[in-house]
Asker: 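I'd like to ask some things about the structure below.
If you're wondering where the values come from, they're calculated on a predicted model, not measured in any experiment. Below, chain A is the first sequence line, B the second, and so on; all start at residue 1.
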2 protein chains.
Amino acid sequence: MGRKRLQPAAGRPTVHTVAARAGVSIASASRVLNGVGGSPETIRKVRQAAAEVGYVPNAIARSLQSQRTGLVALAVADIGNPVYVAMMRAIEAVVAAGGRQLLVHATGGDVATEISLLRRLAHRYVDGMIVSPIRITDSHLEAMVVSPVPVVVVGQLPDDAPVDNVRTDSRAGVALAVDHLLAAGRRRIGFLNGPLDTVPGAARDAGFRAALARHGIPVDEDLIEIGDFQYAAGRAAAARLLARAEPDALLCANDLIAVGALHTLLSEERRVPQEVALVGMDDTELAQMTFPQLSSVSLGSADRGRRAAELLLERIADPDLPPRRAHVAPSLVVRASSIPGGTPRPPAPGQPTAVTAPEPGLGTSPAVPTAAAPMTAMPASPASPRTTSTAGLTTEGGTR
Amino acid sequence: MGRKRLQPAAGRPTVHTVAARAGVSIASASRVLNGVGGSPETIRKVRQAAAEVGYVPNAIARSLQSQRTGLVALAVADIGNPVYVAMMRAIEAVVAAGGRQLLVHATGGDVATEISLLRRLAHRYVDGMIVSPIRITDSHLEAMVVSPVPVVVVGQLPDDAPVDNVRTDSRAGVALAVDHLLAAGRRRIGFLNGPLDTVPGAARDAGFRAALARHGIPVDEDLIEIGDFQYAAGRAAAARLLARAEPDALLCANDLIAVGALHTLLSEERRVPQEVALVGMDDTELAQMTFPQLSSVSLGSADRGRRAAELLLERIADPDLPPRRAHVAPSLVVRASSIPGGTPRPPAPGQPTAVTAPEPGLGTSPAVPTAAAPMTAMPASPASPRTTSTAGLTTEGGTR
DNA sequence: AGACTCCCCGGAAACGTTTACACATCTGGG
DNA sequence: CCCAGATGTGTAAACGTTTCCGGGGAGTCT
């Protein structure tokens, strides 16, 4: 009898400890502790024994048995970029509601790091991963399809890739900004972009050229500068551009670049927006912190994060789902940095005005269907200058 | 013979699969795969079999056996606050070098969430945790000592708490800022603080009053405003303060508050720093992004993060170490927002100047020993305006 | 009263690894 | 020639859970 455990006193209590103390089998103890089955008397004894020894189940052993870790990984280039912070918050919320925790990886935008992370999924240390790569290579795709746990991509992906992904139409987003600036009477729009060999950089470049072409405006290469997606690069790129051209507006590929550009503009004593209008992209928290506040194209980072997390959880629950693709429509949030008359007075100061892009078609549509979109004032709470514009969400390929 | 696995074809390959295919025992297979022992012939067979079936060891099973998860958790209030981003990056680096990954929890500064997180450590889903609580309660302490895995605290802790922790002397940090402002001729220093029932809020309040007292200046309660540690609160608190008093300087309990205050100042058309000098705390990335750039008291967040991670890994390796405490000395980084003549011209524009506080004694010393510290120009690379001032690090209690 | 159902319980097998231990074989030296 | 040691291998026991399955008891229906 009872020859199973030799010295049950050593180490932390396990199910065996509890079972022995309650005088029942480990099966009964486990059942009671999981709330399934058990006679009233057994339940009482086990509960009491567990309380007395301070039993807490071991998460790892449970994972081994249940084949799920309760973890979801997120891999982004730069956890300092507020756009990823917003995404992370949204993902965290969904994932926590699903009873899981979030493991965050910072890849530094490095392809090798990303691949290695995807490959490591083979160890199944997480239940799934959300990844937002700046560049996509064949190795990425191969690692994703080979992975034993599901992967969801935030960002553009080849149309035939059998991977869930949530995307936004950043070309249409750029078009919104260009339309807005042209409607405000600007004619020489400078463009501060990220590297063209990145997915977002390429899309923004294409969007910018297409938008100008649609308005019959020739592209002046002197008005285009390339850096990376960081603050310092934005600051430097703006300085280079201003040294050789006289833009009356600057469109920036993300908010960090825009804040850098704003710094250069102000330190060169150019008035914003009177002399140079400024528009960023991503509509991060940062856009509301600058003075003047930054107009910015929202690409729905929080929505994309939320949607990605939902897709991932659904796929974890049912791996046989067909590959799905979700879209989040961009919208423009207008603030003081691009409005000629300074901060609009009618609502509260710093109140945003939003313009929403029409829903994009399948894949990357060739051009933006609308001409200059009408501006619509959005109702918003006077307490917070946060935009309440809701980006449109669509899903295709799923059976919802 | 071979009656162990009934259908080895199903599911992903395990050690059993590899062993069977190589015609050896699982023990031999495991040994080869771990690189310990094995004859040349066995090694060849096992390697080949593993490659053929694409074997990857299961992280969970390995964890169960080895009693380590390879994960380290970090719990902070707000992953959007750049001070935590800096800390997180530093921790990530150390932890990755130690072959582990980082699990990030956002607590929202909520005590109940923090406690629940600490309690969950009993499940041993991570090898240890770094936590930076805004408030510390007895429940915190109890949960920490009870935890089966080590916990390191970033922030003040009762002196007798048997928990590793790394702290900075934020009172001395506040004193650095006050000294600087007084030396620059400011006399009516406004103070925008966080809640007084938080550890950092209380310390900053005490530091502010002590610094004024040391200079024989009476405290004017009209010049003190309380909000929380966020941007919006800073903006609102500055507006309230400016409505009832006429400060010639504003000292802010962190950079987010300072950026909010800057927004209010600029939108009320007060010139910074000519009319109102501005100093923040934490010296985050944000401080370099504003215009004018923000003077800020560095509390060495990256250093604290790094040190905390080191302490944690050391303790994981040797749980019997005595409780240790590490100190990081604050320093002041002077930028354009607090210098009367605008951006200092001598070095490159936006070049920081740093003043380092003397090493604090044990525990919270009653007052700051130095009078107005001398300003020392720091050499820095012309390319980046990042400060290179290194905060001093000390450890006590350990056997290093 | 017998058969049937339902519920509760305990033994044991899984999950996939590492490793203690025992055994066999081989080598070299006395 | 025989034994000590070294070396390689396989069996089985861990790590801590959940869960399948079969047995037994109590109750109900016919």
Side-chain angles (χ1 to χ4, degrees), chain A residues 1-8 10-46 50 53-70 122-125 127 148, chain B residues 1-8 10-46 50 53-70 122-125 127 148:
Chain A
M1 59 170 290
R3 270 212 86 278
K4 277 298 176 58
R5 297 270 127 185
L6 301 194
Q7 47 274 36
R12 300 193 53 97
T14 73
V15 170
H16 295 88
T17 322
V18 174
R21 187 170 242 264
V24 301
S25 73
I26 59 164
S28 293
S30 173
R31 276 188 290 255
V32 169
L33 294 169
N34 286 6
V36 311
S39 73
E41 174 62 3
T42 317
I43 292 182
R44 191 194 59 72
K45 286 189 296 187
V46 172
V53 299
Y55 169 76
V56 177
N58 181 308
I60 308 249
R62 198 191 287 243
S63 287
L64 180 59
Q65 164 70 27
S66 67
Q67 298 285 69
R68 70 189 282 279
T69 63
H123 292 106
R124 297 199 293 290
Y125 66 102
D127 294 337
Chain B
M1 59 169 289
R3 271 213 86 279
K4 278 295 176 58
R5 298 267 127 185
L6 302 196
Q7 49 273 38
R12 297 193 55 94
T14 74
V15 173
H16 295 87
T17 323
V18 174
R21 187 172 244 263
V24 300
S25 72
I26 60 163
S28 292
S30 174
R31 278 188 289 255
V32 169
L33 294 169
N34 287 7
V36 311
S39 71
E41 174 62 4
T42 319
I43 293 181
R44 192 194 58 74
K45 286 190 296 187
V46 171
V53 301
Y55 169 76
V56 177
N58 181 310
I60 310 245
R62 198 191 288 244
S63 288
L64 179 60
Q65 164 70 27
S66 66
Q67 299 285 67
R68 73 189 279 278
T69 63
H123 292 106
R124 298 200 291 291
Y125 67 102
D127 295 335

Asker: Measuring to OP1 and OP2 of D:dG16, would you say a side-chain N or O of B:Q67 lies under 4.0 angstrom away?
Answerer: yes
Asker: Please enumerate all protein N or O atoms sitting under 3.5 Å from an N or O of nucleotides 25-27 of chain C, with distances to 0.1 Å.
Answerer:
none

Asker: What integer distance in Å separates B:R62:CZ from C:dT19:P?
Answerer: 10 Å
Asker: To the nearest Å, give me how far apart CZ (B:R68) and P (D:dC15) are.
Answerer: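 In whole Å, D:dC15 P lies 19 Å from B:R68 CZ.
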Asker: Using a 4.0 Å heavy-atom cut-off across all strands, classify A:V56 as base, sugar-phosphate, or nothing.
Answerer: sugar-phosphate
Asker: Please report the distance, rounded to the nearest Å, between CD1 in B:I60 and C1' in D:dT18.
Answerer: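 Distance check: B:I60 CD1 to D:dT18 C1' gives 15 Å.
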Asker: Is the shortest side-chain N/O distance from B:Y125 to OP1 or OP2 of D:dG16 below 4.0 Å?
Answerer: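 The answer is no; no side-chain N or O of B:Y125 sits under 4.0 Å from OP1 or OP2.
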Asker: Output yes when a side-chain donor or acceptor of B:N58 lies under 3.5 Å from a complementary backbone atom of B:I60, and no otherwise.
Answerer: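 Checked: pair present.
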Asker: Given D:dT17, C:dT17, C:dT18, identify the nucleotide with an atom nearest to the side chain of A:Q65.
Answerer: D:dT17
Asker: Do the side-chain N or O atoms of A:N58 get closer than 4.0 angstrom to the phosphate oxygens (OP1, OP2) of D:dC15?
Answerer: no
Asker: Taking CZ from B:R12 and P from C:dC15, how many angstroms apart are they, rounded to a whole number?
Answerer: 15 Å
Asker: For B:A59 and A:Y125, work out which heavy atoms get closest and say how close.
Answerer: CB-CB, 3.9 Å
Asker: Using the test side chain to side chain donor-acceptor pair (under 3.5 Å), find all partners of B:R62 that sit at least two apart in sequence or belong to another chain.
Answerer: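 For B:R62 there are no side chain to side chain donor-acceptor pair (under 3.5 Å) partners, ignoring immediate neighbours.
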Asker: Could you check whether any side-chain N or O of B:T17 sits under 3.5 Å from a backbone N or O of B:T14, counting only pairs where one atom can act as donor and the other as acceptor?
Answerer: yes
Asker: Between the main-chain N or O of A:I26 and the side-chain N or O of A:S30, is there a donor-acceptor pair closer than 3.5 Å?
Answerer: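 Between the backbone of A:I26 and the side chain of A:S30 there is no qualifying donor-acceptor contact (under 3.5 Å).
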Asker: For A:S66, enumerate each residue passing the side chain to side chain donor-acceptor pair (under 3.5 Å) test, keeping only those at least two apart in sequence or located in another chain.
Answerer: none
Asker: Considering only residues two or more places apart or on different chains, which pairs with a residue in residues 22-43 of chain B satisfy salt bridge (charged side-chain N to carboxylate O under 4.0 Å, His left out)?
Answerer: B:E41-B:R44
Asker: Distance check needed: D:dT18 C1' versus A:L33 CG, whole Å only.
Answerer: 11 Å
Asker: What distance separates A:S63 OG from B:H123 NE2, expressed to the nearest 0.5 Å?
Answerer: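 Between A:S63 OG and B:H123 NE2, I get 11.0 Å after rounding to 0.5 Å.
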Asker: So which protein nitrogen or oxygen atoms get under 3.5 Å of nucleotides 8-10 of chain D's nitrogens or oxygens?
Answerer:
{"residue": "D:dT9", "atom": "OP1", "partner": "B:S39", "partner atom": "OG", "Å": "2.8"}
{"residue": "D:dT9", "atom": "OP1", "partner": "B:T42", "partner atom": "OG1", "Å": "2.0"}
{"residue": "D:dT9", "atom": "OP2", "partner": "B:S39", "partner atom": "N", "Å": "3.0"}
{"residue": "D:dT9", "atom": "OP2", "partner": "B:T42", "partner atom": "OG1", "Å": "3.3"}
{"residue": "D:dG10", "atom": "OP2", "partner": "B:S25", "partner atom": "N", "Å": "2.9"}
{"residue": "D:dG10", "atom": "OP2", "partner": "B:S25", "partner atom": "OG", "Å": "3.1"}
{"residue": "D:dG10", "atom": "OP2", "partner": "B:S28", "partner atom": "OG", "Å": "2.9"}
{"residue": "D:dG10", "atom": "N7", "partner": "B:R31", "partner atom": "NH2", "Å": "3.0"}
{"residue": "D:dG10", "atom": "O6", "partner": "B:R31", "partner atom": "NH1", "Å": "3.1"}

Asker: Could you tell me which residues satisfy side chain to side chain donor-acceptor pair (under 3.5 Å) with A:D127, sequence neighbours excluded, listed by chain and number?
Answerer: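 In terms of side chain to side chain donor-acceptor pair (under 3.5 Å), with neighbours along the sequence ignored, A:D127 is linked to A:T69, A:R100.
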Asker: Rounded to whole Å, please give me the gap between NE2 in A:H123 and C1' in C:dG16.
Answerer: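 From A:H123 NE2 to C:dG16 C1': 13 Å.
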Asker: Could you state the CG-P distance from B:L64 to D:dC15, rounded to the nearest angstrom?
Answerer: 9 Å
